K.L.:
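Structure below; questions to follow.
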Amino acid sequence: MSEIITRFPPSPTGYLHIGGARTALFNWLFVKHFGGKLVLRIEDTDAERSTQESVDAIFDALDWLGIDWDDGPHYQSKRLDVYTEHVNKLIESGHAYYCTCTQERLEEMRNKAKAQNQNPMYDRQCRDKGLEKTDGAVVRFKSPLDGNSVIKDVIKGNIVINNTEIDDFIILRSDGSPMYNLACVIDDITMNISHVIRGDDHISNTPKQMMLFTALGVDLPVFGHVPMVLGPDKSRLSKRHGAMSVTEYREMGYTPDALINYLVRLGWSHGDQEFFTRDDLIEKFTLDNIGKSAGIFNPGKLLALNADHIKEASPKSLFPQVMPFMKEKGIDAEEGEHLENIIETLQPRSKTFIEMAEGAEFYYNDEVVFEEKPAKKFLKPNAIEPLTVLAEELKALTQFAESDIEDAFKRVMEKTELKLGKIAQPVRVALTGKAASPGIFEIIDILGRDSVVSRIEKAIKFINAKV
RNA sequence: GUCCCCAUCGUCUAGCCUGGCCCAGGACACCGGCCUUUCACGCCGGCGACAGGGGUUCAAAUCCCCUUGGGGACGCCA
């Protein structure tokens, strides 16, 4: 088998959205699995809508996701001569012709057809006129009048379309720029694309593109149309369904590994496995297990997967991802063992990096702000004794490991005749200001003796001041 | 409307190709419970689906047909 080359061809008319990212991912995983190449192609032939900001946003998103490419980026806007060259060939070989029908006439025809519940199609008025190139003329493809086109889709199976359904579509605009189907095919040919893996909203374009391949005398690539991603209301995913841009998930504290896991798993499966690392996916991904039906984007499941990935990751690998969020909260954290320990305590209770940064706050601020409710409930006069005794016990410790701290608590329990819960909760509030936190022994261990004692003393003062 | 695609719990899916192991398994969500120094994690249990109707067959979620439902495409957008 010849080399596998796929492509990801976004049009830079906006950010990289969830659906596009998924298509990119399928292509990327496919080539990673089989050792092929991925071509990145920017389809910017629509000068009106294409922007540099979009191009940058797409690169940024791809970079964050960790999707790299082997060839490109190629910009269609810079390849206009390649397209005109091929269009000229098509005209010479009788596969295309100039058309001077006005846009008004075309629109009129469309409206009329729709009014009569007919499929709107060009009536091929200029097909056999042998028109020469003139200002304002477009080039149309001379599509077959009979027979049918069969897409041998590796995902959907054979799809048969009657050629009478396909009209003489425009391949070159009156300004000389190529239309999507033309540019796409020429690029796929010149870039030696072996597999075209794209959203199934492109199925209707495929017969047209196949005709172009055939007219140019080139073998067809393998086509695979992946089902679309729909919103919760089953309509095409759009902004009103919430976060659509890939990078919004970065801002919401998601790890790209979770997004990738979620997106691939939406429409693809490997038995009952739900959790996949990147390497896992590369190892197991093939086109064989892609489903045929559209899937609904479920933010809840993505969140759950994000929590799983945070839980499973090594604390160190999380540094660069959480630190920006910590910084935003005014936490000036340093990479190292201390941060590693902190993250470890937060991993099982953080669904996002935003939550993790919030959970980390108390570690970095000795001036604990007591939340009203827990303070009222636990920082009461009867907490003074256990707090005082604990402070003394901690001061007396010669070793300050978690087990030593636990022993200290046991002695406090004996001396005060209180259950652990009665001691731990006031201490927790004293140390964190909150009623919920990681385990009390581990946070004492991480905070260190000086900080803990000082916080406890401040809490005692707080209680006394209240009385 | 025309053409095309699709159809298993609310959602993502396993099973379907190569009928029997499926009165349908897993995951998210939800509801109970356990664990426990809090919150989580974890663990256990519950809820919950083969769209409908015809065939074929000893046997159908699995094969065939029809209906219904949903989606997509119908641009000098990509």
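Predicted model, so just to flag it, every value in this text is computed and none were measured. Keep in mind that the numbers below use all heavy atoms, side chains included, and drop hydrogens, waters and symmetry copies.
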K.L.:
Per the side chain to side chain donor-acceptor pair (under 3.5 Å) rule, what does the pair list look like for residues 426-444 of chain A, sequence neighbours excluded?
P.N.:
Q425(A)-R428(A), R428(A)-S437(A)

K.L.:
Taking only residues two or more places apart in sequence or in another chain, which ones pass ring pair (Phe, Tyr, Trp, His ring centres under 6.0 Å) with Y97(A)?
P.N.:
none

K.L.:
Considering residues at least two apart in sequence or located in another chain, which fulfil the ring pair (Phe, Tyr, Trp, His ring centres under 6.0 Å) criterion with H202(A)?
P.N.:
Y180(A)

K.L.:
May I have all residue pairs that pass salt bridge (charged side-chain N to carboxylate O under 4.0 Å, His left out) and include part of residues 104-121 of chain A, sequence neighbours excluded?
P.N.:
R105(A)-D123(A)

K.L.:
Taking distance alone, no hydrogens or angles, what donor-acceptor pairs closer than 3.5 Å link side-chain atoms of residues 401-415 of chain A to residues at least two apart or in another chain?
P.N.:
residue, atom, partner, partner atom, Å
D404(A), OD2, A401(A), N, 2.8
R411(A), NE, E393(A), OE1, 2.8
K415(A), NZ, E393(A), OE2, 2.6

K.L.:
Report the residues that fulfil ring pair (Phe, Tyr, Trp, His ring centres under 6.0 Å) with W268(A), sequence neighbours left out, ordered by chain and then residue number.
P.N.:
F276(A), F285(A)

K.L.:
Counting primed atoms plus P, OP1 and OP2 as sugar-phosphate and everything else as base, spell out the protein contacts along nucleotides 26-45 of chain B at 4.0 Å heavy-atom distance: B, S or - for each nucleotide, 5' to 3'.
P.N.:
BBS--------BBBBSS---

K.L.:
Which nucleotides of nucleotides 67-78 of chain B have their base under 4.0 Å from a protein heavy atom (B), which only their sugar-phosphate (S), and which neither (-), written as one string 5' to 3'?
P.N.:
---SSSSBSBBB

K.L.:
Which of residues 356-364 of chain A sit near RNA chain B, with a heavy atom under 4.0 Å from it?
P.N.:
none

K.L.:
What pairs with P315(A) under side chain to side chain contact (heavy atoms under 4.5 Å, CB included), at least two apart in sequence or on another chain?
P.N.:
E340(A), I343(A), E344(A), Q347(A)

K.L.:
For V160(A), which contact category applies under a 4.0 Å heavy-atom criterion: base, sugar-phosphate, or nothing?
P.N.:
sugar-phosphate

K.L.:
With ring-ring contact (aromatic ring centres under 6.0 Å, His included) as the rule and sequence neighbours excluded, what pairs involving residues 140-175 of chain A come up?
P.N.:
F141(A)-F169(A)

K.L.:
Identify, with sequence neighbours excluded, every residue that meets side chain to side chain contact (heavy atoms under 4.5 Å, CB included) alongside D175(A).
P.N.:
R173(A), S177(A)

